Participant: 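First the structure, which I've put down as C-alpha cells, then a few questions once you've had a look.
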Amino acid sequence: MTEAATIPAALDRYEVVIGLEVHAQLLTRSKMFCPCPADYTSAAPNENTCPVCLGLPGVLPTINQQAVEYTVRTAVALHCDIPAFTKFDRKNYFYPDLPKGYQISQYDLPLSVNGHLAFPVGGETVRCGITRVHLEEDTGTMHHAGDVLQSATSSLIDLNRSGVPLMEIVGEPDLRTPEAAREYLVRLRQILMYIGVNDGNLEKGSFRCDANISLRPHGVQELGVKVEVKNMNSFRAVQHALESEIERQTGVLDAGGTLVQETRGWVETQGRTISQRSKEQAHDYRYFPEPDLPPLRLDAAFVERMRAALPELPEARAHRFREQYGLTAYDAAVLTDTRDDADTYEAVVGSGVPAKLAANWQSGDVAALANEHRMPLQHSGLGVDGLASLLRLVDAGTINGPTAKELLAELYVAGGNPEALVRDRGLAQVSDTTELSALVDAAIAGNPAAAADFRAGKQQALGQLMRAVKDATGGKADMPLANRLLRERLSEQ
Amino acid sequence: MTPRTITELAAALRDGSTTPQALLADALARVERTDKDLNAYLSVTRELAEQQADAAARTLGDHPDTASPLCGIPVALKDVLCVDGIETTAGSKILRGFKPPYTGTAVQRLFDAGAVCIGKTNCDEFAMGSSTENSAYGPVGNPWDIERVPGGSSGGSAATVAAGSVPYSLGTDTGGSIRQPAALCGVVGFKPTYGRVSRYGLIAFASSLDQIGPFTRTVEDAALVFAAIAGHDPCDSTSEPRAVEDPLASLGAGVAGMRLGIPREYLGDGTEPGVRASVEAAFRVLEAQGATLHEVSLPSTDVALSVYYVIAPAECSSNLARYDGVRFGNRVERASLTDMYLQTRGAGFGNEVKRRIMLGTYALSSGYYDAYYRQAQKVRTLVSQEFEAVFKEVDAIVCPTSPSVAFPMGSRDDPLSMYMCDVVTLPANLAGVPGISVPCGFVDGLPAGLQVIAPRFEDARVLRVAHAYEQATDFHTVLSPYAGKAA
C-alpha cells in the first residue's frame, strides 16, 4: 500500500471529514425484548430463541430494563443529554436475518443526544461530538453456501443473535484523519468496557464500526460527497480502509471527476473498498413509532443514579495515577488500559507495595505472562493477592529480583502462597553481611585471575566474581549487597 | 335443546343436569349440522376440546364452588388467536398449516378457567374486512339469512354464537370487527378498552387499534368472559397495569340518573331508516329506565374513517412483513431471494390485504409520511379529545352499531362502500374507548344493534348500560333460524 506517500499529500489539498457510527452489543443477561439469553455464541444454532425473537405471529416485545440502564450509563459517560421522553420506532426492511421484517430501533427521539469524547492524538486533544446514543436490537446471522446471499444456493439462518440489545453510538463528522478515527474507536471501546456494558470484541462483531468519509478543499464550508464504508472488523482495518478511501477519493477529485454518494465495503484481502450500493438503491426504511411499546419516560432521579454509579473513567484514572502514585504518563496509561488492570494496580499498591515497584512488575513481567498464557492476572492461579504478597517479599528484601521472577513465572498459572513457598524452599535471599562476606572471600580466592583483572581496572571481570557468589547461595544472594562487598574487598589490597 | 347462556350452563353443570362432555358433544353436533351452510369454522379442535372437557369435569367435581363460571363451557376462537399446536391461519393462505408453539394470554386465561375450545372461527384475512368475505377459506353465512354476510371481520365468531353452537366466542375488534358482526348477527359483542385485554398471541393487524373481546348471547355473559380475560399482562407492554373493576358488581345498577349522549354525526344520512327507528326506540327504552338523553357532537367523525385508513394500513404494512416465506407459513420456492419474497407474498395474500399493505407502505414512505401518517396521528389525537370532551357532558354514548343491517354477499364490491360499514365503530378504536353492541330489534327479520360507548377503562359502565337496556327488552332472546333449526 502507498498511503504513507499519498495521504500527507492529499491532506495538503483536501480536508478529510470522518464520522463514525459504532454498534455495540450490550452485556445484558437477556435479549432486548424477550427473556432469551443474550449470549449467542456458546449456544447451538437457534437454541436461544423464543416466539418473540423468532418474530412469530402474535408476539409482542417487552423492554429490557438492564439494556436501558446500560445505554443511559454509556450516555452519561459520553457527556450526553438524556431527554425525559424517548420512544422506540420500527425500521422496516426485508432480509432473512430480520424475522419481523422490521428492526425495533429509535428514530427521532433517541435515548440520549449531544455528547462528546475528547482524546489525545499526536500530542493534541481531539474532541469529537456524539450526535446520539440509542438502543435497538441486533439481527440474526446467516451462513451462505457461497460467497454472498444473492449467488448462494442455500443459506442457513441462526436467530440466536436476533434481539440481542444493540447500542448505536453516532459520532459527529469531527474527525480529520484516519489516525484520529482509530484513536476515537480505541477510546470509545475502552470506556464501554470500563463501564461494563460491552466486551469490545471487534473480530466477533460485538463492537462494530461504520465510517462516513468525505473530502473537501481546505477552507470550504460545504461538506463533500459522503461515502459510507462498512465491513471493517479491526482498528487496523478502519485506519487502512479510510486511508484507502482518501486515496481513491483524492484520485477522483484530482482527475476532475465527481464522487457518488454510496456505500462501499472494505475488502481486507484486496486492501481497497468496493461499491455495495448507490444512493438510489438505498432503502426507504419507513420509520414509524413502534405501537407495541409505550414511550419511555426517564425521570431525572434515575439518570442521576446512573451517573452516580459510573466508575472512574480511564482518562481520569490515568490522571489520578500520575498525581497520586507519581507514575509517568506512559505507565499511567498502561496501568489504566483496562479497569481490571487499574483495579489490580491499586489493590497491589493498597496492600503496601511501593507504587513504582508495583508499576514496574505489573507492566513488565506480569503483562508478559498474561500475554504468554492468554490469561489475565485476575483469572490466573496467582491472582491479585498472590502478586501483592510476592511483591511485598521483594520490597522487604526477603527475596531478590531473579528469585521473584522465577517464582512469579512458576506460580502464575499453578498458583500458591509465595510466603509459604519462600519459607519452605528456603528461598529467602542471603543478605547477612557476615555470611556474604565469607562467600565474597571464597569467590575471590577461587577466581584469582578475575580478581587480578578487576584490580587491574577491568570492570567486566566483576561479573565472574558476582556469578560465583550467586552460585554459592543457590541464586539467593542479595546481589546489590554482594556487589558492594566485592568492590570493598577488592579495593582493600 | 334450546341454546343456553354461560350463566345457565354454569348452573346446569353444578346441579348435575349436564356435564362438560355432554355440552361438548352438543356443541360439536350443532357445528356438524350447521357449518356446511355457515362455514363459521376453519378448524374443529375435537381432540383439544375432549381433553379440556375431561379436565373441566374433574375440576367441577372437585371444586364446584370455586371453579370459574366458564369451567366446562364450550368456546370458539377467532382464527387470529394463537393456540399452542393448533393450526392458526388468520383466514389467510399464507398461514395455512401454521401451528403456533405457544398460546396467547387471553386464550390461556380462558383455558386456565376451564374453557373447552371447540374450534377456530373463520374471519376476514388478517381481520381486514367488514363482511368476512375476505377470508381465503370462503365466506361465512349469516344465521338469520344465509345469503347475507355476518359482518366482519369476526364473522365466524359472531355467526357461531348466533347459530347457538357455542354460548360464547372470542373475536377481535380493530375498527368494529366485534361490534359490527354482533349487530348483524343479533348477539352481544364487546370491545373492551384498548390495553384492558392482553394482545399477546393475537396475530396483529393494527397494533394500536386491535383489541380482543367476547361474543355472547347476554351482557351478563360478556361481563363474565371479560372478567376472565382482562387484566395486566407482562408480555404486553401496552396492557394496563391498574386493577380491573369487577364488571359484575355494578352490572345491575341500572341507568337511572345517567346522562347518555347521542352523537348527531352517528345518525347521519348513511343510516338505514330501519336501523334508525330501532335505535331511536332503544333511546326511549333507556329514558324509560331513568336515563336522560342529550345530543352531543363528535365533529371529527367524518374524517375518522380517513384517519383509520391511514393508521391501520400503515401498521399492517409493517406487521405483515414477517410473512415472507423464510421461517414459517407457506413459501413459493424461487431461485433468488427477491423472487421468493415476491411470489410468496403475491400468492399468499388476498386482494384486500395487498391493498392495505400498499396503502400503508405508501403512507409511511419518505416524502409522504408527514402528509399522511403524521397528519393522521394528529387527527387521531383530536378524535380522542372530542370523546373526552363529550364524556365531560355525558356518562356514556348510545348510537347505532352499524348504519345497516346484514347485506347480501357480494353486494359491496367496492372497498369504500365496505369501509363505510365501520364509520360509527372505528372512532372508538382510534380513541381506545370501550364499546358494546346489544341486539335492539329487527328490520325485515334482520337484527340491528345498539352501541354503547364509555370513557377509557369504564368497561363496567358500558356493560351496565347495555345490561339495563337488554333487561328491559327481549330482542336477545329471539333465536336465529339456525339456532332453532339445529335444536
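In this text, all values refer to a predicted model and were calculated from it rather than measured experimentally. Every chain is numbered from 1, with letters handed out A, B, ... down the list of sequences. Heavy-atom basis, side chains included; hydrogens, waters and symmetry copies ignored.
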Participant: Step by step, would you call A:H283 with B:S366 a side chain to side chain contact (heavy atoms under 4.5 Å, CB included)?
Facilitator: CA-CA 10 Å; A:H283 293 292; B:S366 166; over 6 Å; no
Participant: Given that the side chain runs from C-beta out, which part of A:L54 has a heavy atom under 4.5 Å from chain B: side chain, backbone, both or neither?
Facilitator: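 Interface part for A:L54: backbone (N, CA, C, O).
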Participant: When rounded to the nearest 0.5 angstrom, what distance separates OG in B:S207 from CG in A:L60?
Facilitator: 7.5 Å
Participant: Verify the neighbour count for atom OH of B:Y369: are there more than 12 heavy atoms of other residues, nucleotides or ligands below 6.0 Å?
Facilitator: yes
Participant: Which atoms of B:N319 come close to chain A, meaning under 4.5 Å heavy atom to heavy atom: side chain ones, backbone ones, both, or neither?
Facilitator: both
Participant: Taking side chain as C-beta onward, heavy atoms only, is A:P96 less than 4.5 Å from B:Y341?
Facilitator: yes
Participant: Which residues, numbered in order, of residues 234-242 of chain B come under 4.5 angstrom of chain A by heavy-atom distance?
Facilitator: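 Heavy-atom contacts from residues 234-242 of chain B to chain A are B:P234, B:C235, B:D236, B:S237, B:T238.
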Participant: Heavy-atom pairs under 4.5 Å with chain A - which of B:I203, B:L81, B:V80 has more of them than the others?
Facilitator: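 Sorted descending by pairs with chain A, the first entry is B:I203.
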Participant: Under a 4.5 Å heavy-atom cut-off, does chain B meet the side chain of A:P35, its backbone, both or neither?
Facilitator: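 Neither part, no heavy atoms under 4.5 Å.
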Participant: Closest approach of A:R90 and B:E315, non-hydrogen atoms and distance?
Facilitator: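 In terms of heavy atoms, the two residues are closest at NH1-O, 4.2 Å.
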Participant: Are a donor atom and an acceptor atom from the side chains of B:R322 and A:Y102 found within less than 3.5 Å of each other?
Facilitator: yes
Participant: Please list all pairs meeting ring-ring contact (aromatic ring centres under 6.0 Å, His included) that have one or both residues in residues 45-73 of chain A, counting only residues at least two apart or in different chains.
Facilitator: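 Non-adjacent pairs meeting ring-ring contact (aromatic ring centres under 6.0 Å, His included): zero.
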Participant: Would you mind checking which part of B:A363 comes under 4.5 Å of any heavy atom in chain A, side chain (CB onward), backbone (N, CA, C, O), both or neither?
Facilitator: neither
Participant: Is it true that, when you exclude B:R355 itself, more than 12 heavy atoms of the residues, nucleotides or ligands shown sit nearer than 6.0 Å to its CZ?
Facilitator: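 Yes, CZ of B:R355 has more than 12 neighbouring heavy atoms, counting only those of other groups under 6.0 Å.
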Participant: Using a 6.0 Å cut-off, check whether atom OH of B:Y372 has over 12 heavy atoms from anything other than its own residue.
Facilitator: no
Participant: Do the non-hydrogen side-chain atoms of B:R327 and A:L159 ever get within less than 4.5 Å of each other?
Facilitator: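 The answer is yes, as the side chains (C-beta and beyond) meet within the 4.5 Å cut-off.
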Participant: For B:S318 and A:N92, which I'm curious about, is there any donor-acceptor pair between the side chains at under 3.5 Å?
Facilitator: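 The answer is yes; a qualifying pair exists.
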Participant: What option among B:G201, B:G325, B:A204, B:S208 has the most heavy-atom pairs under 4.5 Å with chain A?
Facilitator: B:G201
Participant: Output the option from A:L293, A:L56, A:I63 having the highest count of non-hydrogen pairs under 4.5 Å with chain B.
Facilitator: A:L56
Participant: Which value, rounded to the nearest 0.5 Å, describes the distance between A:Y95 atom OH and B:L337 atom CG?
Facilitator: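 Answer rounded to 0.5 Å: 7.5 Å.
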Participant: Given a strict heavy-atom distance threshold of 4.5 Å, which part of A:P99 is in contact with chain B: side chain, backbone, both, or neither?
Facilitator: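 Backbone plus side chain of A:P99, per the 4.5 Å heavy-atom cut-off to chain B.
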Participant: Do A:V52 and B:Y200 come within less than 4.5 Å of each other through their side chains, counting heavy atoms only?
Facilitator: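 In short, these two side chains touch, coming nearer than 4.5 Å.
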Participant: Surrounding NZ of A:K226 (heavy atoms of other residues, nucleotides or ligands, distance under 6.0 Å), is the total greater than 12?
Facilitator: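 Atom NZ in A:K226 is not crowded, with 12 or fewer foreign heavy atoms closer than 6.0 Å.
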Participant: What I'd like to find out is whether the side chain of B:T88 reaches to under 4.5 Å of the side chain of A:P57, using heavy atoms alone.
Facilitator: no
Participant: When the ring planes of A:F288 and B:Y373 are compared, do they come out parallel, tilted or perpendicular, using 30° and 60° as the limits?
Facilitator: perpendicular
Participant: Among A:P289, A:P291, A:P294, which residue forms the greatest number of heavy-atom pairs with chain B at distances under 4.5 Å?
Facilitator: A:P291
Participant: Is it the backbone or the side chain of A:F33 that comes under 4.5 Å from a heavy atom of chain B, or both, or neither?
Facilitator: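 When you check distances to chain B, no heavy atom of A:F33 falls under 4.5 Å.
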Participant: Quick check on B:T361 against chain A: is it the side chain, the backbone, both or neither that has a heavy atom closer than 4.5 Å?
Facilitator: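 For B:T361, backbone and side chain are both near chain A.
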Participant: Is atom NZ of B:K354 surrounded by more than 12 heavy atoms (other residues, nucleotides or ligands) closer than 6.0 Å?
Facilitator: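 Atom NZ in B:K354 is crowded, with more than 12 foreign heavy atoms closer than 6.0 Å.
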Participant: Please look at B:Y368 and chain A and tell me whether the side chain, the backbone, both or neither of the residue comes under 4.5 angstrom of a heavy atom of that chain.
Facilitator: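 No part of it gets close to chain A.
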Participant: Could you check if a side-chain atom of B:Y102 sits within less than 4.5 angstrom of a side-chain atom of A:V59, using non-hydrogen atoms only?
Facilitator: yes
